[in-house]
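This is a predicted model, so every value here is computed, not measured.
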Amino acid sequence: MTQHVWGYLPEYEKERADILDAVDTVFGSGQLVLGKSVRSFEEEFAAYNGVAHCVGVDNGTNAIVLGLRALGIGPGDEVITVSNTAAPTVIAINAVGAVPVFVDIDPDTYLMDVGQVAAAITPRTRCLLPVHLYGQCVDMAPLKALAAEHGLVVLEDCAQAHGARHHGRIAGSMGDAAAFSFYPTKVLGAYGDGGATVSDDPAVDARLRRLRFYGMEDRYYVVETPGYNSRLDEVQAEILRRKLTRLDGYIERRRAIAARYAEAFAGTDIVTPKLAPGNDHVYYVYVVRHPRRDELIEALKAHDIHLNISYPWPVHEQEGFAHLGYAPDDLPVTSRVAKEIFSLPMYASLSDAEQERVIEKVLDVAGRL
């Protein structure tokens with residue numbers, strides 16, 4: 001039996017009738033672009049996240065791009081974020097002409113080390129972009145205090161944190177705006193690409209709606225400011241509507257899987273995730289550490305268990321971002337943990353038997369290294 005870190009087929013088998021009904025609902029609606037399904041999903045997702053506005057877009061990367069532009073971020077502005085993230089976070093900053101500035105991460109949670117942010121602020125800094133990584137939130141109170149002190153905006157990257165909470169506040173409700181991805185692997189995943197940007201500010205919402213539709217307002221072909229074709233697809237929106245009603249159940253299951261891993265690996269060389277104070281984790285991925293990570297992953301392939309690394313190459317070490325001028329030692333914690341972290345299978349439809357097999361083989365292989 002082949003085991004990967006994620007798979008959608010068991011979920012599809014269970015939810016197939018509802019997914020296909022969602023497709024049929026859209027195809028029979030008479031409107032295939034920016035119709036009832038997108039509008040309804042936007043209302044329902046905004047309500048779930050406790051915000052006033054939601055704008056559905058075509059993917060999570062553009063959710064960040066449009067969020068930055070709607071907040072007034074553009075060429076030459078500096079945006080403080082982390083290198084331990086999926087590259088699209090930084091690609092989005094680059095796409096609006098802004099300059100990413102990296103701070104290091106906490107060695108236990110791998111989240112932004114907020115204690116380093118103040119020293120990274122310069123006269124060109126315009127935005128703080130915390131990444132709620134792996135399923136839990138960055139410590140937002142000090143970030144918001146810094147933003148208020150220096151006149152900065154805060155855009156939350158919530159691509160990996162649907163439903164996560166920080167001191168009772170849900171991810172996406174704590175900044176000036178927040179960006180979500182609905183890529184199929186996500187806690188709330190579509191059956192294709194999708195994303196959304198949320199905000200409580202009606203002016204930001206209005207700018208987002210123009211930006212996702214070429215820069216047009218009410219009249220087609222009348223561009224008020226150059227924008228994009230970044231609309232959330234009607235079919236994906238209808239599927240997401242259905243899955244949103246099951247999101248809390250997905251999260252509950254992920255937490256049960258995480259608890260079983262934590263119990264199984266207690267007292268071993270496998271370092272399990274640390275929960276930051278005040279956080280409710282949703283375990284988008286279950287990231288662990290081992291000093292002989294590469295050997296462990298390679299040995300598990302013989303048992304048909306194929307794991308991945310989130311992320312093996314920090315953004316500041318990648319060739320495409322060499323122009324930023326960072327050396328690996330500039331972010332020592334980020335560079336160090338990238339050599340040891342890897343992900344175990346984590347998705348709501350992972351069976352107990354599948355997880356037990358992974359645990360058994362990981363313990364066996366790790367014990368012989």
Side-chain angles (χ1 to χ4, degrees), residues 5 79-87 89-90 100-121 128-146 156-161 164-167 171 258-259 261-297 307-318 321 324 326-344 346 362 366 369:
V5 295
V79 179
I80 297 176
T81 190
V82 291
S83 176
N84 183 41
T85 184
T89 302
V90 185
V101 174
F102 299 124
V103 295
D104 215 342
I105 58 173
D106 181 272
D108 293 323
T109 65
Y110 320 132
L111 297 169
M112 173 186 277
D113 183 347
V114 297
Q116 298 189 21
V117 173
I121 295 173
L128 306 180
L129 204 165
V131 180
H132 299 320
L133 198 69
Y134 303 150
Q136 67 172 327
C137 297
V138 173
D139 187 5
M140 292 297 291
L143 280 185
K144 292 174 70 175
L146 281 171
E156 300 174 70
D157 182 344
C158 300
Q160 304 185 10
R165 291 183 179 272
H166 179 62
H167 294 292
Y261 277 139
E263 181 180 8
F265 297 125
T268 74
D269 289 338
I270 304 290
V271 180
T272 54
K274 301 295 190 298
L275 188 65
N279 274 354
D280 294 322
H281 209 308
V282 296
Y283 298 100
Y284 163 59
V285 283
Y286 194 84
V287 174
V288 298
R289 288 176 69 179
H290 191 276
R292 300 175 70 178
R293 185 262 319 271
D294 293 344
E295 295 171 71
L296 178 59
I297 289 179
L307 306 182
N308 73 350
I309 303 168
S310 299
Y311 300 92
W313 301 286
V315 175
H316 77 287
E317 296 184 18
Q318 296 179 28
F321 298 100
L324 297 175
Y326 286 87
D329 289 346
D330 291 337
L331 303 170
V333 179
T334 298
S335 294
R336 183 172 70 250
V337 302
K339 297 177 176 63
E340 298 184 351
I341 54 176
F342 64 103
S343 302
L344 296 177
M346 172 58 76
V362 170
L369 289 179

Reported [atom1]-to-[atom2] distance for the pair [X] and [Y], which is rounded to 0.5 angstrom:
X      : Y      : atom1 : atom2 : value
Asp294 : Lys339 : CG    : NZ    : 10.5 Å
Ile309 : Glu340 : CD1   : CD    : 11.5 Å
Asn84  : Asp106 : CG    : CG    : 11.0 Å
Ile297 : Asn308 : CD1   : CG    : 7.5 Å
His290 : Glu295 : NE2   : CD    : 9.0 Å
Leu324 : Glu317 : CG    : CD    : 13.0 Å

Any heavy-atom pair between the side chains of [Y] and [X] that's under 4.5 Å?
X      : Y      : value
Tyr134 : Ile341 : yes
Tyr311 : Leu133 : yes
Leu344 : Phe342 : yes
Thr81  : Phe102 : yes
Gln318 : Val90  : no

For a quick test of reading the model, state the closest non-hydrogen atom pair linking [X] to [Y] and the distance between them.
X      : Y      : result
His166 : Pro277 : CE1-O, 4.0 Å
Val282 : Gln160 : CG2-O, 4.1 Å
Pro328 : Ser335 : O-OG, 2.8 Å
Tyr110 : Arg289 : OH-CD, 2.5 Å
Cys137 : Ala164 : SG-CB, 4.1 Å
Ile80  : Ile121 : CD1-CG1, 3.7 Å

List for me each residue that meets side chain to side chain contact (heavy atoms under 4.5 Å, CB included) alongside Val333, sequence neighbours excluded, and say none if there are none.
->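 For Val333, the residues satisfying side chain to side chain contact (heavy atoms under 4.5 Å, CB included) (neighbours in sequence not counted) are Asp104, Ile105, Pro107, Arg336, Val337.
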When you look at Met112 and Val131, which way does the side-chain contact (heavy atoms from CB on, under 4.5 Å) test go after all the steps?
-> CA-CA 7 Å; Met112 173 186 277; Val131 180; over 6 Å; no
Report yes or no: does Arg292 contribute a side-chain atom to a donor-acceptor pair with the main-chain N or O of Ala366 at less than 3.5 Å?
->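 The answer is no, because no donor-acceptor pair under 3.5 Å joins these two groups.
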Distance-only criterion, 3.5 Å: show the donor-acceptor pairs between side-chain atoms of residues 263-276 and protein atoms not counting sequence neighbours.
residue: Thr268; atom: OG1; partner: Phe265; partner atom: O; Å: 2.7
residue: Thr268; atom: OG1; partner: Ile270; partner atom: N; Å: 3.1
residue: Lys274; atom: NZ; partner: Thr272; partner atom: O; Å: 3.4

Dump the intermediate steps for side-chain contact (heavy atoms from CB on, under 4.5 Å) on Thr85 and Val315, then the final yes or no.
-> CA-CA 7 Å; Thr85 184; Val315 175; 4.2 Å; yes
Go through the steps for Val5 and Val285 under the test side-chain contact (heavy atoms from CB on, under 4.5 Å), then give the verdict.
-> CA-CA 8 Å; Val5 295; Val285 283; over 6 Å; no
